[in-house]
Protein chains: 2
Amino acid sequence: MNQHANQKPDYEREMRRAGVRITRPRKIILQILGDTDDHPDAMEIFQRASAIDSSISLSTVYRTMKLLEGMGAIHRHAFDGGRARFEQASGEHHDHLIDIDTGDVIEFHSTKIEALQEEIARELGYDIMHHRLELYCRKRRKG
Amino acid sequence: MNQHANQKPDYEREMRRAGVRITRPRKIILQILGDTDDHPDAMEIFQRASAIDSSISLSTVYRTMKLLEGMGAIHRHAFDGGRARFEQASGEHHDHLIDIDTGDVIEFHSTKIEALQEEIARELGYDIMHHRLELYCRKRRKG
DNA sequence: TTCTTAATGCAAACGATTTGCAATTGCATT
DNA sequence: AATGCAATTGCAAATCGTTTGCATTAAGAA
Ligand SMILES: [Mn+2]
Ligand SMILES: [Mn+2]
Ligand SMILES: [Zn+2]
Ligand SMILES: [Zn+2]
């Protein structure tokens, strides 16, 4: 989620600094990612981008996602099912609850769980580089 | 893990009861899954099976994995990277720590984390159907 | 042993993602 | 503003893991 009224990171500046060109497709994709609250997949991003500039190709979407991921600007998620889904990396770490009926994604964060994970890894002699916690759920039935 | 000196579930009996035929390929794959401690992917299972009966096909491995998954006899994991990995479903629930350098998988279980997950889902109005907790780690450097 | 039908091997199809390549374009340079 | 060149693009073809159609084989009930 990125509408947390927090600072919008200036990726264009960062890209320029990295010697990466600011192209029309990249501007559009960046804008799409910045404007959304959800976790769209490449095809969804492609469609939203096509609405703005119909000449954009799916390949470019994929290439741009990879570029942005490498820059740390976005996170890639491999939730159950087909395609990878993306989200802007601004904001703090969080994990995801996925509604398996609607596909909705709800974000949450548990300091306690994060600490327990660290503890477990440490006891096993490891450092966590990254982790993934996904809760696949159904809306609770009344009563 | 299944070598926990616990009862070896009799899937052949269960399959017979379900009206599913006990074929030579299925016997072999079941034996492979029962004998291993790790989380092999379809290709690895195919290779181990081929060593026993070279006529087995990869398609049959995939079909059998799907059948066994449907029976609840195995779990399918989609760890980072290419192929799905499988493990016999005997034993209690556990989550995984993946050594990103070696690919090794270490199993762990945290009653506390499990409880916290439940609590989080409940507060959001959901019931957890299944979940996924994976810690991608590196061996801790000395000192 | 016979018979019916589920299960198999094979090759082709699949869906998501990546890649080779020729054409385009950002942008640093005049 | 015009130039030059490497980075980026669109397109089509390739890749990878997995699934599927179909003719053939083989469980296992009778
Ligand atoms: Mn998120
Ligand atoms: Mn396991
Ligand atoms: Zn987390
Ligand atoms: Zn768990």
Side-chain angles (χ1 to χ4, degrees), chain A residues 11-32 39-71 73-86 103, chain B residues 11-32 39-71 73-86 103:
Chain A
Y11 292 121
E12 297 205 10
R13 177 165 303 281
E14 189 176 335
M15 289 169 78
R16 234 179 274 281
R17 179 155 36 80
V20 173
R21 290 184 182 172
I22 315 288
T23 64
R24 190 159 155 59
R26 286 177 180 164
K27 264 202 193 93
I28 293 173
I29 291 170
L30 235 21
Q31 181 209 125
I32 290 170
H39 300 72
D41 59 43
M43 186 55 68
E44 287 164 355
I45 293 168
F46 169 63
Q47 285 160 351
R48 295 180 202 180
S50 296
I52 299 173
D53 177 346
S54 65
S55 76
I56 287 175
S57 77
L58 183 55
S59 302
T60 294
V61 171
Y62 275 112
R63 278 192 277 235
T64 301
M65 299 324 282
K66 183 160 288 189
L67 173 76
L68 295 176
E69 190 185 9
M71 290 174 46
I74 63 171
H75 290 311
R76 169 192 306 260
H77 301 294
F79 298 146
D80 280 1
R83 339 198 214 272
R85 299 172 68 167
F86 305 90
Chain B
Y11 292 122
E12 296 205 12
R13 178 166 300 282
E14 189 176 335
M15 288 168 79
R16 235 179 273 280
R17 177 154 38 79
V20 173
R21 291 183 183 172
I22 316 286
T23 64
R24 188 157 155 63
R26 285 177 181 164
K27 265 202 193 89
I28 292 173
I29 291 170
L30 235 21
Q31 181 208 125
I32 290 169
H39 300 71
D41 60 43
M43 184 57 67
E44 287 165 355
I45 293 168
F46 169 62
Q47 285 161 351
R48 295 180 202 180
S50 295
I52 299 173
D53 177 345
S54 66
S55 76
I56 287 177
S57 76
L58 182 56
S59 301
T60 294
V61 172
Y62 275 112
R63 278 191 278 235
T64 301
M65 299 324 283
K66 184 161 288 189
L67 172 75
L68 295 176
E69 189 185 9
M71 291 173 46
I74 62 170
H75 290 311
R76 170 192 304 261
H77 300 295
F79 298 146
D80 279 3
R83 339 200 216 270
R85 300 172 67 167
F86 306 89

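Throughout, a chain's letter reflects where its sequence line sits, starting with A, and its residues are numbered from 1. Computed from heavy atoms alone, side chains included, the values below leave out hydrogens, waters and symmetry copies.
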Kindly compute the distance separating [atom1] ([X]) from [atom2] ([Y]), expressed to the nearest 0.5 Å.
X	Y	atom1	atom2	value
Glu44(A)	His39(A)	CD	NE2	11.5 Å
Tyr11(A)	Leu67(A)	OH	CG	12.0 Å
Ile32(B)	Thr64(B)	CD1	OG1	10.5 Å
Asp80(A)	Arg76(B)	CG	CZ	10.5 Å
Leu58(A)	Arg63(A)	CG	CZ	10.0 Å

Protein-nucleotides 14-17 of chain D N/O pairs under 3.5 Å:
| residue | atom | partner | partner atom | Å |
| --- | --- | --- | --- | --- |
| dG17(D) | OP1 | Arg83(B) | NH1 | 2.3 |
| dG17(D) | OP2 | Arg83(B) | NH1 | 3.3 |

Minimum-distance pair of heavy atoms, taken over all atoms of Gln31(B) and Ile52(B)
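Scanning both residues, the minimum pair turns out to be OE1-CD1, 3.8 Å.
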Distance check needed: [N] [atom2] versus [X] [atom1], whole Å only.
X	N	atom1	atom2	value
Ile56(B)	dA26(D)	CD1	P	13 Å
Ile45(B)	dT18(D)	CD1	P	10 Å
Glu69(B)	dT19(D)	CD	C1'	14 Å
Leu67(A)	dT17(C)	CG	C1'	16 Å
Met65(B)	dT18(D)	CE	P	11 Å
Glu44(A)	dA16(C)	CD	P	11 Å
Asp80(A)	dA16(C)	CG	P	15 Å
Arg26(B)	dA27(D)	CZ	C1'	10 Å

Donor-acceptor pairs under 3.5 angstrom involving side-chain atoms of residues 15-30 of chain B: please list them, not counting sequence neighbours.
| residue | atom | partner | partner atom | Å |
| --- | --- | --- | --- | --- |
| Thr23(B) | OG1 | Arg26(B) | N | 3.3 |
| Arg24(B) | NE | Asp53(B) | OD2 | 3.1 |
| Arg26(B) | NH1 | Arg21(B) | O | 2.8 |

Does the side-chain contact (heavy atoms from CB on, under 4.5 Å) test come out yes or no for Met43(A) and Gln47(A), once each step is laid out?
CA-CA 6 Å; Met43(A) 186 55 68; Gln47(A) 285 160 351; 3.8 Å; yes
Met65(A)/Val61(A) under side-chain contact (heavy atoms from CB on, under 4.5 Å): CA gap, chis, key distance, verdict
CA-CA 6 Å; Met65(A) 299 324 282; Val61(A) 171; 4.2 Å; yes
Map Ser55(A) and Asp41(B) onto DNA chain D by nearest heavy atom, then report which one ends up closer to the 5' terminus.
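Result: Ser55(A).
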Report the residues that fulfil ring-ring contact (aromatic ring centres under 6.0 Å, His included) with Phe46(A), sequence neighbours left out, ordered by chain and then residue number.
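None.
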With sequence neighbours left out, what residues match Phe79(A) under ring-ring contact (aromatic ring centres under 6.0 Å, His included)?
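Partners of Phe79(A) by the ring-ring contact (aromatic ring centres under 6.0 Å, His included) criterion, ordered by chain and then number, come out as His77(A), His96(A).
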Starting at the 5' end of nucleotides 20-30 of chain C, put B wherever the base has a protein heavy atom under 4.0 Å, S where only the sugar-phosphate does, and a dash everywhere else.
B----BBS---
Between Ser57(B) and dC10(C), does any side-chain N or O lie under 4.0 Å from OP1 or OP2?
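No, outside the criterion.
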When the axes are fitted on five pairs at both termini, how much does the helix from dT1(C)-dA30(D) to dT30(C)-dA1(D) curve, in 10° steps?
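Answer for the end axes of this duplex: 30°.
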